[in-house]
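This report concerns only the one structure given below.
Chain A is the first sequence line, chain B the second, and so forth, proteins listed ahead of strands; every chain is numbered from 1.
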2 protein chains.
Amino acid sequence: MSHTYRYPRPALTVDIVVFGLDAEDLQVLLIERDGKPFRGQWALPGGFVDVGESPDDAARRELEEETGLSEIFLEQLYTFGNPGRDPREHVVTIAHYALVNLNEHDVKASSDARNAAWFSINDLPKLAFDHSEILKVALDRLRAKVRYQPIGFELLPKKFTLRQLQHLYELILDRELDKRNFRKKVLATEIVKETNQFEKDVAHRAARLYRFDQRKYDRMTKQGFNFEV
Amino acid sequence: MSHTYRYPRPALTVDIVVFGLDAEDLQVLLIERDGKPFRGQWALPGGFVDVGESPDDAARRELEEETGLSEIFLEQLYTFGNPGRDPREHVVTIAHYALVNLNEHDVKASSDARNAAWFSINDLPKLAFDHSEILKVALDRLRAKVRYQPIGFELLPKKFTLRQLQHLYELILDRELDKRNFRKKVLATEIVKETNQFEKDVAHRAARLYRFDQRKYDRMTKQGFNFEV
DNA sequence: CCAAAAGTGTTACTCCTACACCCATGT
DNA sequence: ACATGGGTGTAGGAGTAACACTTTTGG
């Protein structure tokens with residue numbers, strides 16, 4: 001079946017910048033292209049928006065189809081629509097960004113034949129289309145956003161040490177933070193609660209584990225906060 | 001001529017929330033619809049994105065066609081694409097917002113037969129489609145943005161008094177500000193320069209006129225600043 | 001007992017906030 | 001001379017930034 005319109009329409013897609021965190025680096029999830037153009041190059045996961053489907057739903061669907069990731073933090077980023085960005089035709093893409101905790105989500109579950117892999121944001125391959133630009137905008141957004149909304153927590157496991165949280169902020173903001181001031185600031189927000197559990201199997205004093213206060217977290221995500229670490 | 005695609009595509013439009021400022025209120029520019037659906041209701045200016053045209057260009061073109069406004073500050077806001085937002089078919093719209101100085105731009109120049117008018121944001125009519133929601137998001141964005149980027153200046157004439165600037169901030173943020181602290185803060189940014197001109201024809205001491213320092217303005221627009229008035 | 005990271009307070013400084021009076025101009 | 005808004009300074013408080021040592025644990 002084919003579809004006819006009175007006027008031509010740009011194609012509409014979604015692309016998703018998925019950020020993850022390992023011990024070393026902030027990472028991005030990329031897909032190896034198997035079709036033209038840019039065959040064999042790495043690209044952001046994404047695909048067409050179906051008629052009758054919201055862009056947000058399309059982003060979640062594509063992400064699950066291509067990488068197996070579901071039920072993660074996902075937000076709209078920006079819409080890119082310069083006519084030259086896809087050599088085949090005019091394709092407008094609604095870019096999103098997502099945050100996942102690598103310990104609790106496994107990307108190998110991908111049902112798609114295509115190759116998916118994590119790359120450090122400090123060591124990225126050349127990307128297809130204008131995806132480098134999209135990634136840059138996503139990173140800028142992430143950096144700006146952690147300063148006034150507690151979204152960074154989405155990248156950590158449910159229970160985490162304050163050092164892990166600090167490390168996350170250091171990776172995102174790309175600078176070192178003072179340990180004492182950081183702890184004071186985080187605890188002052190009351191967004192984390194201490195547990196009675198501790199790290200295991202470390203060759204030094206074990207750090208206390210904390211978890212989010214979901215009620216405070218939700219309130220602060222809506223209202224915003226000032227976290228000028 | 002008609003156009004056939006293998007898969008159906010959502011329609012793609014732009015809508016623009018144009019903010020203006022008069023002595024009393026923050027205003028929004030609306031268009032009276034003359035076609036179905038929502039005939040006779042007020043709506044945001046906007047229209048279809050042509051193939052081969054960037055969304056940004058489409059927004060500028062539609063704005064000029066419908067209201068005569070050109071060469072104004074315009075930025076992408078958010079893309080709205082819930083399938084139910086237009087009763088005819090699935091229409092995805094890339095919403096933008098624009099800021100204009102009402103003294104230097106005249107909306108009567110509209111070449112389009114449709115009726116265009118300014119409305120106070122405190123006294124809005126019922127809007128077509130999901131345009132009330134778009135307007136709300138635009139207003140939230142404007143409020144958030146004036147705190148860290150000097151975009152509010154776009155709403156003022158080239159030369160203005162500090163009282164006008166303060167009034168603008170009070171209208172956008174919807175609260176009163178302290179005159180002395182506001183002046184200190186603005187002058188400390190060095191984004192405005194004093195001129196040797198003064199207000200005319202006022203029945204009291206004439207206020208000094210200021211203008212932007214364009215170099216500082218551009219730098220701060222890019223880098224952001226903290227303007228927690 | 002050594003290595004490694006956890007955990008903890010104080011001080012100086014900067015920035016923000018609150019607040020009231022005199023000045024210049026036109027009528 | 002009076003009415004109207006223009007223009008100015010200071011003091012107290014809050015928050016930020018800089019900084020070093022002791023504690024706990026495993027090997």
request  = Could you tell me from which nucleotide to which nucleotide of DNA chain D, 5' to 3', there is an atom under 4.0 Å from chain A heavy atoms?
outcome  = dT16(D) to dG26(D)
Whether R208(B) side chain and E194(B) backbone form a donor-acceptor pair below 3.5 Å = no
ask   = Can you check the F182(B) CZ to dC16(C) P distance for me, whole Å?
value = 14 Å
ask   = If only atom types and distance count, is the side chain of E62(A) paired as donor or acceptor with the main-chain N or O of T13(A) below 3.5 Å?
value = no
key: Near-ring test F80(B)/F129(B), centroid separation under 6.0 angstrom   = no
request  = Strictly below 4.0 Å, heavy-atom distances to any atom of DNA chain D: list the hits from residues 193-200 of chain A, or just say none.
outcome  = none
key: Residue whose nearest DNA chain D nucleotide is more 5′ - K185(A) or Y210(B)   = Y210(B)
message = Can you classify the ring geometry of Y97(B) versus F19(B) as parallel (below 30°), tilted (30 to 60°) or perpendicular (above 60°)?
response = perpendicular
ask   = Which letters describe nucleotides 17-27 of chain C, given B = protein heavy atom under 4.0 Å from base, S = only from sugar-phosphate, - = neither?
value = BBBB--BBBS-
task = Output yes when E133(B) and R85(B) qualify as a salt bridge under the 4.0 Å nitrogen-oxygen rule, no when they do not.
result = no
key: Whether H204(B) side chain and V202(B) backbone form a donor-acceptor pair below 3.5 Å   = no
task = Fit a plane to each ring of F227(B) and Y169(B), take the angle between them on a 0 to 90° scale, and name the class: parallel (under 30°), tilted (30 to 60°) or perpendicular (over 60°).
result = tilted
Ring centroid separation F212(A) to F160(A) under 6.0 Å = yes
ask   = Judged by atom type as modelled, is there a donor-acceptor pair below 3.5 Å linking the side chain of Q76(B) to the main-chain atoms of T79(A)?
value = yes
task = Give the rounded distance in Å between these two atoms: CG of L165(A) and P of dG7(C).
result = 13 Å
ask   = Between the side chain of E199(A) and the main-chain N/O of A207(A), is any donor-acceptor distance below 3.5 Å?
value = yes
task = May I ask you to say what R183(A) touches in the nucleic acid, namely base, sugar-phosphate or nothing, with a heavy-atom cut-off under 4.0 Å?
result = base
